[in-house]
Amino acid sequence: MDLRVKLDDETHEISAVPLDSRGRTAVDIAGEQASLSVTIVSPNHLHLEVDGRGTDIFTARSPEGTWIWSRGRARLLQDADKAARRGGNGPVGRIPDKVTPPTPATVVRLMAEVGQQVEAGQPLVVVSAMKMETTLSAPYAGTVTAVNTQPEARVNPGEILVEIEPAATGGDEEES
Amino acid sequence: MDLRVKLDDETHEISAVPLDSRGRTAVDIAGEQASLSVTIVSPNHLHLEVDGRGTDIFTARSPEGTWIWSRGRARLLQDADKAARRGGNGPVGRIPDKVTPPTPATVVRLMAEVGQQVEAGQPLVVVSAMKMETTLSAPYAGTVTAVNTQPEARVNPGEILVEIEPAATGGDEEES
Amino acid sequence: MFGRILVANRGEIAVRIMRTAREMGIETVAVYSEADAGALHVLSADQAVCLGEPDPAASYLNIGKIIEAARSTGAEAIHPGYGFLAENPAFARAVDEAGLVFIGPPAEVMAKLGDKTEARRLMAHSGVPIIPGLTEPETDPDRLNAAAAELGYPVLVKAAAGGGGKGMRVVAAPADLDEAARTCASEALRAFGDGAVYLEKYLDRPRHVEIQVLADAHGHCLHLFERECSVQRRHQKIIEETPSPALDDDLRQRMGAAAVAAAQAAGYVNAGTVEFLLDQTGNFYFLEVNTRLQVEHPVTEMITGLDLVRRQIDIAAGLPLPFTQEQVSRRGHAIECRIYAEDPANGFMPSPGPVLYARQPSGPGLRYDTGIRTGSQVPVHYDPILGKLIAWAEDRPAAIDRLIRGLEECAVLGVRTPVEFLIDVLKSPEFRAGRTHTHFIDEHFPSWQPGSEENRNMLLGFAADELTGVKNVSGPAAGPAEQGWPSPWQTLSAWDLAR
Amino acid sequence: MFGRILVANRGEIAVRIMRTAREMGIETVAVYSEADAGALHVLSADQAVCLGEPDPAASYLNIGKIIEAARSTGAEAIHPGYGFLAENPAFARAVDEAGLVFIGPPAEVMAKLGDKTEARRLMAHSGVPIIPGLTEPETDPDRLNAAAAELGYPVLVKAAAGGGGKGMRVVAAPADLDEAARTCASEALRAFGDGAVYLEKYLDRPRHVEIQVLADAHGHCLHLFERECSVQRRHQKIIEETPSPALDDDLRQRMGAAAVAAAQAAGYVNAGTVEFLLDQTGNFYFLEVNTRLQVEHPVTEMITGLDLVRRQIDIAAGLPLPFTQEQVSRRGHAIECRIYAEDPANGFMPSPGPVLYARQPSGPGLRYDTGIRTGSQVPVHYDPILGKLIAWAEDRPAAIDRLIRGLEECAVLGVRTPVEFLIDVLKSPEFRAGRTHTHFIDEHFPSWQPGSEENRNMLLGFAADELTGVKNVSGPAAGPAEQGWPSPWQTLSAWDLAR
C-alpha cells in the first residue's frame, strides 16, 4: 500500500506491506523503516508496537480526512491524492483571505458600504459567535463592490460578506 | 412486536408498537402500559424516557441472550421462545444438580470410586479454579457407576465427573 | 431539604451539579435547547424539559420558560450553574417570586455586586483595596477620553455587568478608545443585557488571585483559601491552581480576611468568589465578586476535601455551615485546566462541530468533569467548554506531572482542542517555576503552533488505520475484513464470544 | 531514580503502578501471559514482554522468565504489585542477585514475616498482642486435634504462608478438623508453594482493622492510620474504609504505635500493612504483616493525600521519607469496594468470560482503578478482580452515598459482578450504622438474591433494544435500520456529520 499523507502543511510518502496474520507489517516513511505491530482495541482505538515500543492511537474518520491522536496530540490527516481530487486546499480552521466568518456567526455591525475605499486591515464587519465578537477586516486595499449581508443576519464560513475590488490590479476579487 | 422475555426465573409477556420517527412507542408489560421514548446514545447505550422519567440502559448481546443494565443492576434476559428452541434451561451460572464443575477448573482430589455407596451431600471431587478450591458433592444418594476424570485433569462445566445411580429409583442419573 | 431541583444550565457544570444532587437523594430536572437533545446533561437527569430553539434567548436565558419548567416538574429550587442566568438578579428575583428557592445569593446582593462600579464603591467604603479608576459607568466618549488621560494609558474598558473575561478590552492608546468602548458595550448588551462600561487603570503583569467564600443565612462567613488563575487567553482563565505559588501564609491570611470583609459588607449568602489582582510587590486590589459557583471550583474541593455544590444546596435550604474557619484545612496542590472546542494555533477561535470520539483520562488523583461524549455536537450557540481536567497531588511538581499524564490520556477527536497547547504550557520552565501572571500566554506563547513530537506515530497510526480497514473484532489485526457483512454493531458480541 | 521499571503483575494494580511511574518520568515494562495479550496493563506500558502460557507457573509466577524480561528490556527495578510473587522471598532474593532493585521489603524480612508462626513469635517478643494459638506449624492430625481441644472450638486452621484470605478454614467441631487441615494445606501448597498450617483461637465477630506503615532505609518508620476491612466474603475483603467507625483517637494512636513497633521489630523497609483483629471490647490482636501494597491502599491515599506507589518507589531508590509522623494528617472518609467477576447470588463463584461492555463510573470524589475494558477477557487462570471503586467525601454518610452513586453508574456486562450486592450492602441500616465485623455478610446477607427494583426498566430496555435493531446512528431512534450496510464501524463518523 502506498499513501501520500498530508499532516499539517507537509505531505509524507508512506508505503506499507499488508498486515500478516499476527497484525505485523513493515512501514517506510520517506525512506525510514519501522516494524509495526497493530492491535485493534476498539473501532476507534489501535495499539501500535513500533520497533518494540507500545503506543495508543485513537482514530476517527470524517469527510475531511482522518483524525489521528497520539499521546495528547491530535491532527486531521488527509490522503493527499483524495484531497486534491476533492479540491481541498489545506487544513480546517484557518482564516481565509476573504471577508467571511471563521465559524457560523451572527452579524453585529457593518462598517462598509458600496463604493467605499478601504485600506488593508480596515475593520469591515463585526460578527458574534459563542458570545465572542470578532472583527473581519479588509484582506487588501481596494473599493467595496458589494455588501452581501446585514446586521443580525446568520452567516456561514465561505459566504463573502463584503466584496472588494483590489486597488492596484483591478482583477476579480474572487481569485485574490 | 410481541415478545416473551425470561428475566431471572420468570417469563414476561411484552408487546410494543414500532417506534415512530421520534423514537416513541407504547409498551405493554403483562397488561400494564408505558409510554416510552428511546434515544440511541451509542451501540451499547440507550436512553429511555419512561412515562416522562429518564433512565440509562446499557445492553450487550451474547449467544445466551441480551445483557441489560439499569442503574447498577445487570441481568441476562432471554427471548423465551428462542431459548426454548435452543433448549436453554435457565440462567447462566447456577450449580447444576450433576457432579460437574461450575467453571473451567482443575481436579485437585478425587474421593469417589466405582461401586462406592454415597450419601447426598458427600464430597466426591475437589476442583480448583482461580486459586480457590471447591468441593463437588453428591446431589443425591446412590452408587457410583463411573468416574470420568483424574487428578490434575482440566475439566469444564457440563462434563459429568462422577456418575451416580440413585439409590431408591434406579433411574438414569442423566435425567435427575 | 429539597426533594427535587432544576439545573438551569448545560454541559459539564449541569452534569456535575446533578451528581451531587443525586448523592444527596435529591431528584434532578434538566432543561435543554433543541441543539442539546441527547446531550450528557439531559441523559444525567431524572427528568428533562425542552425549552425550545437553540438561540440562548429562547432557551437557557429565557426566564419565563425555565420557571415554568420548574413549576411543571415540581422542582422546589433552581441551581443556575455558571454563565447564562447565574448572575442575573432579575432571574433570582423571578425564582423567588415564583415561590421557588434560588441556589445562590439574594437578588439584591447580586445586583449590588454585579454592578462593577457600585461594587467598587462598596469595597472602597469597607476598607477593601481597589484599583484606581472610574467609580461610575460612563458612555460619553469625551468624558471617557478625559478619564483615561487622567489615569494614564494603558487603561482597561470594562462592562459594568461583565464577568468571566467577557466584556473587557485593554486600550494602549487614545486612538483605540472609542472603538473599544463601543465593542465592549455592544458585547455587554448582548451577553448581559446591560451595555454600561467603565474604566480602570491597567496593572502591569499582575497575578489573578481569587478567594472562595462561603456564607450561610445565619451570619456565618468563612473563606476556603485562594485560587491562582493568572494563566489566561483572551482574558479568560485556562489554567487555575491552589495554593498560589505567590502567597505565603501571612498574605493568604490577609487576602482571606479581605474577602470575608467584602462578602460581609455586601450581606453575601451562599458560595461566592472575591477576585483580586496581585501586583509584583505583593499589593492586592479588589477586582470583582463572582456571585456564583466558579468554573474552577474543583481545585478548592480537592485541597479542602469539601463539596461546594453540597454546601450551596445546604445553605440555600437554610442549614448553617457545619464547620468553622479554624476547622477548614488545605492539603496538597491542585491544578485545573479547561478544555474548550477551540484552536490554540489560530487565536483560540471556537471550533464547533461533532465530537467523533471522546476518551476520558482517569486514575489516582485525576478528576475529569465533562459534558461531552462520543457522538456529542458542540453547538455554535454556546460557550464551547468541553470539560475540565483536574489533578491533585502531594505538591505542585507532582500535580503538574499528574496533569500532564492526564492530558496525555485525553482524546477529543472531531473538533480542535487546546490539549497539546496545555501540555506545552505545563511543561514550560516558566510555568514550572510558578512565574505566572495575566499576560503569561501573550508573553511566553504569543504565536504557539503545534509541535511535531508525535508526527511519526500519527503517520504510522494513519497507515495502521488504512491497513486495518473495517474494525469489527478485538485482538490482533489481520488485514482488512471483508465488506458487506450485515450489522456488525448488533452481532459484535457474539463474534467476540466465538473467537 | 530509576529510568525504567518492570511491573511483575497484571490487571488493575499493574495499570495503577504504571500511572504513577509515568508521572515520575519512569518508563514501564509490562509482562503478560498468552491469556492477557491486548489486556489493559499491556496497553498501558512502554514495552511489553510475553512470558508464555496462561498457567501462572509458566507466566506470572515464573521467576526466571520475569528476571530475564527485566534484563532484556533494561529495567532497573521490579514492582511486584500484590498476589503472585509479591510476598515470595525467593523472588525478592533473585531480583537482588540479578543486580536489580526489588520494590518492597528485603527478602529476609519478608521471609520472617511471611512465616505466620515465626511472625507471631516475633510479635510476642516485641510486646505486640497476639491471638492465642500454636506458635509452630503442625501437620500431625493427632497433635492438631489435641491443640484444638486445648484452645476450644471454634478454631481457625491457617496456612503459615497464606494471606489475603487464602488458605484459611474455620472449624466448628472436631469431626471437620482433618479435612479442613488437608484442604488448607493443599491450597497453600498450590498457591504459595508451602503446605505448612497452624491453629489459632477463633474470635467471635471481631473487626478486621489494619494499619498502613511506611519505613525508609534510613531507620525512619511511621504509620498512615487504619483501614477497616471487616466486610468479607469467603474470608476475602470486599469493602474497606478509613477511618474505622470503631476507633477513637486513643485507640488509633495505640494501634498505630503497635504497628510501628511491629515493623521496627522486623527491620521492615518500604510500604507494609500490619493486620489486627479488634474484639468487641476494644482489645486488638496481631494477625499478620502483609509485606506489599494492599488491594485497599487507595482509601489511605484518599484520606492522607499521599501516593503510596510513589512512596514505595522513592524508598526503593534509597530516598528518605520526606515527612514525619506529625506531618501526616487525615481528612474526610474513604470507602472502597472490590468488583470481581463473581456471582454473589451463587456463593460468589467466579464468573470468567468476555467483557461485552464496560463503562467507568466517574465524577467528583470517585476513583475507579480497573484492569478491564470493553472486549477484555476475564481468564479462568487468575484472581478475577475487575476493579475497585473508591469514594471519598466530607464524612462517612456522604462517602456511602457517593459510593452508591458510583456503583449505580458502573456497568460490566458479560460476566456476573457483585455491583448490585454491594449497593444493597451499602444501603443496609447495619452498614450505615458502622456495625461491621468479619461475619457481617454471613450474618446479614446469608443468602442474598438480586432484587427486582429495576426489572420493569430492564424489560423496557430489552424491548427498546429489540425495537431499535442495528445501532449505527446517534440521536432519536427511528425503527430498525436496514440490513446489509457495508462497514458501519468505518463510516459512522461520516454519517454522523452528514445528519
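Here the structure is a predicted model, which is why all the values come from computation and not from measurement.
Side chain of A/T100 to main chain of A/E159: a donor-acceptor pair is present (N/O by atom type, distance under 3.5 Å, no hydrogens or angles). A distance-only check finds a donor-acceptor pair linking the side chain of A/T25 to the backbone of A/V17 [under 3.5 Å].
Interatomic distance, CG of A/L3 versus OG1 of A/T11, reported as 12.0 Å (0.5 Å rounding). Atom CD1 of D/I103 is separated from atom CD1 of D/I17 by 8.0 Å, given to the nearest 0.5 angstrom.
A donor-acceptor contact closer than 3.5 angstrom links the side chains of A/S62 and A/E64. A side-chain donor from one of A/E163 and A/N148 sits under 3.5 Å from a side-chain acceptor of the other. For the 3.5 Å distance criterion, the side chains of D/Y357 and D/R359 fail to qualify, holding no donor opposite an acceptor.
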(message) Pair D/R10, D/D383 - check salt bridge (charged side-chain N to carboxylate O under 4.0 Å, His left out), show working.
(response) CA-CA 10 Å; D/R10 62 185 297 282; D/D383 191 55; over 6 Å; no
(request) Show the numbers, then the answer: is there a side-chain contact (heavy atoms from CB on, under 4.5 Å) between D/I385 and D/Y82? (result) CA-CA 12 Å; D/I385 193 164; D/Y82 56 71; 3.9 Å; yes
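Residues of residues 22-43 of chain D that come within less than 4.5 angstrom of chain A, heavy atom to heavy atom, are D/R22, D/E27, D/V42, D/L43 in numerical order. Close approach to chain A, defined as a heavy atom under 4.5 Å from one of its heavy atoms, is seen in no residue of residues 407-414 of chain D.
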